[in-house]
Structure formats: C-alpha cells, structure tokens
Amino acid sequence: MINLAHNIAKKKFGKTFPNPTVGCVIAKNSKIISKAVTSESGRPHAEEIALSKAGIKSKGATMYVTLEPCFHSSKNGSCTDQILRSGIKEIFISSPDPDLRTYKKSLKKLVKNNINVHIGLEKNKTYNLNKFFFKSLVKKKPFTKVKLAISNDEKIAWQNYKSKWISNKYSREYAHKIRSRSQAILTTSKTIIKDNPKFTVRLKQKKDKHITLIIIDKDLKIPLTSKVLRDISYKRIIIFTSKNNKKSEKLNELGCEIIYSKITNKNELNLKNIFLKIYKLKISDILVEAGGIFFTNLLKNNLVDEIHLFKSKINIGNKGKPAIWGKQIKDLNIMINAKKMFKDDTYFYYSVV
C-alpha cells in the first residue's frame, strides 16, 4: 500500500509547489477505501482529501501516507487532528516532515492518542520525489537545477552566438518536461538579450504555459521589447537589479516585481543574498537557463544542486563559449543519477555532491 501511495504522489511530481507532493491511501480489511494526492495548489493535503472521500468508513481503518501529516492548523484543522477525529486506528508513514512546524510533533501526538504508528517505510522514495522541499528547508534557499545544452567539446555557443540550437528536438522536448516540473526559471538579462526566448513550457498538444521567471539584471539592460515582457498581465516576472531609474519604473508599471540588491566590491550582485530573497518569496525550486559565466558563478557560490546536461556530437572548437569557465564537467564534484539517449544527443542527470 505504501508503494501505491508513492505512485499516486508521482502523478503530481513538480506540480504542488511550494508544498511537497504526498500520496495517501486508506484501507480496511485489505480493501482500499480511498486514495488521494496533494492538490496542485498545495492545499488541501492528500490526507484531508482521502479522509473526505472515505467519510465514516475511516473508522478502524489503516492509513498509508508518504510524509508525516501536518501538525500546523489549516481551514479544517491540521491533518493530524483530522486523522484523530476520523477514527483511523493505524498509520504507516514513510518520512518525518522536515518542516519544523510539524517535525515529529504529529508522530508524538498520534502515538499519544493510541494510534499504531509505523515510520520509515520507503522513506527514500519520499525524499527523491521532494528533494526541493527537504533541501530548501535546511538551506533556506531554493533547490537549484541547471539545464545545459553543450557540444561534444563542452561549448554552449559559437563565438558569435549566431547558432540557436546545439541539442536536437528530442532533447529540447525533454527539457520542456524539466521546465514543467519546476516552480520558476532563473535567467540573466544577457541570455534574454542574446536569445530573446519566451521561457514558456511547451509540451505536445498543449498551449504554452507560463511559470514564474526570475531575471538577474544588475544594470537593467533587459529590452522592453523582449518576448518575456509581452502579455505580462498573466505572468510573474521578478527582476533583481542594482538600478532604480525610469526603466525600473516602466518595468514596474508593466507588472514586473523589481527587487533591489546591493552590488559587491567586485561590482556584482550578491548571488547568495539573492537566493535567500528568492526563498523568502516562497519559491523553493528553480531551473537555471543561462550562460556559462553565470553557471560558473553559481558553482563558485555553491548554489547548484542538480545538473541536467544535454550533450550533442557537434564540435564547436576552441573559439566557442565554454559551458564552465576554467573547468570541464569531469572536474566537478558530481554524482550521476541517470543517463539516456535522445537520438544522437546524450542526456546526463547529475546531483552536485
């Protein structure tokens, strides 16, 4: 049953931000009474939905849930209180909730009220589904994934930036899946100036979807004619800058959120400080799509958690723009999680150790 709960949770992977995706199954006499997953808005929680479906049948039943039920109050009380009111007699929980508002408090309360509690079954599955949640809570910064498309000789662009694509269409389709499972995209004004991307999620047979876009733009160089600024009324665009001028006022009028950040003694924006501010905006998962210099700066500041790398068979040559300045991929402290082929492209999924 706990594996079923995890399979249910997988269906909402990357769609319940800023909350984790949680699966819940309620069973009685070896029969499933109800099952549920966290709502895409983050609320209601899986346990609340499953209990509502089960109704009075919950009395004397067993619950299987992938994360410790919340202890803090909501519209109908905490999930823990709802479980106690329901008459559930036994509960299997994969992992404690790392949120300090709940962490092991619910476990203690359930035990105190004579619920038979089991903890730790398949806890790694819960962690792997919700790495952004576990890691961002500890580090107080967003879980950061970097997407890179590189040539065989580890370049991300030709010297003149004229060629738009390095990876093939199959790699790009998968890259959109990665976007669709992210809470926000982080980029730079330089990337917008060079490529003028839309930064939408484009999946087969579906309309373009807009997710939150964060732009690092120290000198506020983003052109007002950029594609990302079109139809801005239904997008959330956050710009970090050191400038407060007429252009910042215009961007504010368009609907952008302008956040001012002091520059360092190296005449740069403080990335660590910016990431703390992003987390305070309740953004705990970001996908970085930018150039090699920015990626290198993120690595220097220990701000990268995962790398999604698409490598083609093309060779660009020494004059091309490097993916990492001064290093190669093999020099990084990374661990491979998965590898697959998209025609002639090779996809590598790494965790930064």
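What you see is a predicted model; the values in this text were computed from it and never measured. The residues of the chain are indexed from 1 along the displayed sequence.
At distances below 3.5 Å, at least one donor-acceptor pair connects side-chain atoms of Lys277 with backbone N or O atoms of Tyr260. For the pair Lys247 (side chain) and Ile222 (backbone), a donor-acceptor distance under 3.5 Å is present. Formation of a donor-acceptor pair under 3.5 Å by the Ser151 side chain with backbone atoms of Lys155 is found in this model. The backbone N or O of Thr241 lies less than 3.5 Å from no partner atom in the side chain of Asp217, so there is not a single donor-acceptor pair. Not a single donor-acceptor pair under 3.5 Å links the side chain of Ser171 to the backbone N or O of Ser167. Within the 3.5 Å criterion, the main-chain N or O of Ser242 finds no donor-acceptor partner in the side chain of Ser261. Of the possible polar contacts, one joining the Ser312 side chain to the Ile314 backbone as a donor-acceptor pair under 3.5 Å is found. Using a distance-only test at 3.5 Å, with no hydrogens or angles considered, a donor-acceptor pair links the side chain of Ser78 to the main chain of Asp81. The backbone N or O of Leu67 lies less than 3.5 Å from no partner atom in the side chain of Thr126, so there is not a single donor-acceptor pair.
In this structure, Leu287 shares a hydrophobic cluster with Tyr170, Tyr174, Ile178, Phe310, Phe342, Tyr347, Tyr349, the cluster being traced through Ile, Leu, Val, Met, Phe, Trp and Tyr side chains under 4.5 angstrom apart. Other residues sharing a hydrophobic cluster with Ile2 under the 4.5 Å side-chain heavy-atom criterion for ILVMFWY residues are Met1, Leu4, Ile8, Val25, Ile32, Val37, Tyr64, Phe92, Leu121. Through direct or indirect side-chain contacts shorter than 4.5 Å among Ile, Leu, Val, Met, Phe, Trp and Tyr, Phe13 is connected to Leu129. Here Ile293 is tied into one hydrophobic group with Trp325, each link being a pair of ILVMFWY side chains closer than 4.5 Å.
With hydrophobic clusters built from ILVMFWY side chains whose heavy atoms lie under 4.5 angstrom apart, Tyr103 does not share a cluster with Ile93. Criterion: ILVMFWY side-chain heavy atoms under 4.5 Å apart, direct or through other members. Under it, Ile259 and Ile215 are not part of a common hydrophobic cluster. Linking Ile, Leu, Val, Met, Phe, Trp and Tyr whenever their side-chain heavy atoms come within less than 4.5 Å leaves Tyr279 and Ile274 in two separate clusters. Cluster membership check: Leu220 does not share its hydrophobic cluster with Phe240, using side-chain heavy-atom separations under 4.5 Å among Ile, Leu, Val, Met, Phe, Trp and Tyr. Transitive grouping of hydrophobic side chains (ILVMFWY, heavy atoms separated by less than 4.5 Å) keeps Leu298 and Leu213 in distinct clusters.
Evaluation of the ring-ring contact (aromatic ring centres under 6.0 Å, His included) test over residues 19-48, restricted to residues two or more places apart or in two chains, returns none. Applying the salt bridge (Lys or Arg N to Asp or Glu O under 4.0 Å) rule to pairs touching residues 326-346 yields nothing, sequence neighbours excluded. Sequence neighbours left out, the pairs with a member in residues 127-154 that pass ring-ring contact (aromatic ring centres under 6.0 Å, His included) are Phe17-Phe132, Tyr127-Phe134.
Under the side-chain contact (heavy atoms from CB on, under 4.5 Å) criterion, Pro44 pairs with Ser39, Glu48, Ile49, sequence neighbours left out. Shown here are the side-chain contact (heavy atoms from CB on, under 4.5 Å) partners of His176, two or more places apart in sequence or in another chain: Arg179, Arg202, Leu203. Under the salt bridge (charged side-chain N to carboxylate O under 4.0 Å, His left out) criterion, Arg101 pairs with Asp99, not counting sequence neighbours. With sequence neighbours excluded, no residue forms a side-chain contact (heavy atoms from CB on, under 4.5 Å) with Asn302. Qualifying side-chain contact (heavy atoms from CB on, under 4.5 Å) partners for Lys262, counting only residues two or more places apart in sequence or in other chains: none.
Other residues, nucleotides and ligands contribute at most 12 non-hydrogen atoms within 6.0 Å of the NZ atom of Lys10. Open room surrounds CD1 on Ile56; 12 or fewer heavy atoms of other groups in view lie less than 6.0 Å from it. The number of heavy atoms from other shown groups lying within 6.0 Å of NZ (Lys123) does not exceed 12. When the shell of 6.0 Å around NZ of Lys131 is examined, it contains more than 12 heavy atoms from other residues, nucleotides or ligands. In Lys15, the NZ atom is not crowded: 12 or fewer heavy atoms of neighbouring residues, nucleotides or ligands sit closer than 6.0 Å. For Lys140, the NZ atom is densely surrounded, since the number of other residues' heavy atoms within 6.0 Å is greater than 12.
Under the 4.5 Å side-chain criterion, counting only non-hydrogen atoms from C-beta, Ile329 is in contact with Glu154. Residues Asn116 and Lys89 fail the side-chain proximity criterion, which asks for heavy atoms closer than 4.5 Å. Proximity of Asn267 to Lys218: side-chain heavy atoms (C-beta onward) are separated by under 4.5 Å at one or more points. The shortest distance between side-chain heavy atoms of Ile286 and Gln183 does not fall below 4.5 Å. Looking at heavy atoms from C-beta onward, Phe275 lies in side-chain contact with Leu303 at the 4.5 angstrom threshold. Within the 4.5 Å cutoff, side-chain heavy atoms of Leu51 are placed close to those of Met63. In this structure the side chain of Asn245 never reaches within 4.5 angstrom of the side chain of Glu249, judged on heavy atoms. In this structure, Ile166 and Ile316 have side chains that are in contact, with non-hydrogen atoms separated by less than 4.5 Å.
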Margin query: Between Lys105 and Asp97, does the salt bridge (charged side-chain N to carboxylate O under 4.0 Å, His left out) criterion hold? Intermediate values first, please.
Written below: CA-CA 9 Å; Lys105 293 176 183 176; Asp97 187 335; over 6 Å; no

Next item on the list: Start with the C-alpha distance between Ser86 and Ser58, add both sets of side-chain angles, then the distance that settles side-chain hydrogen bond (donor to acceptor under 3.5 Å, both in side chains), and finish with yes or no.
Entry: CA-CA 6 Å; Ser86 73; Ser58 294; 4.8 Å; no

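The side-chain contact (heavy atoms from CB on, under 4.5 Å) with Ile216 is formed by just one residue from the set Val288, Leu186, Thr191; it is Leu186.
Checking Lys125 against Asn3 by side-chain atom types alone, a donor-acceptor pair falls below 3.5 Å.
Atom NZ in Lys272 sits 12.5 Å away from atom OG1 in Thr264 (nearest 0.5 Å).
Ion pairing between Lys145 and Asp285 holds under the 4.0 Å rule for side-chain N and carboxylate O.
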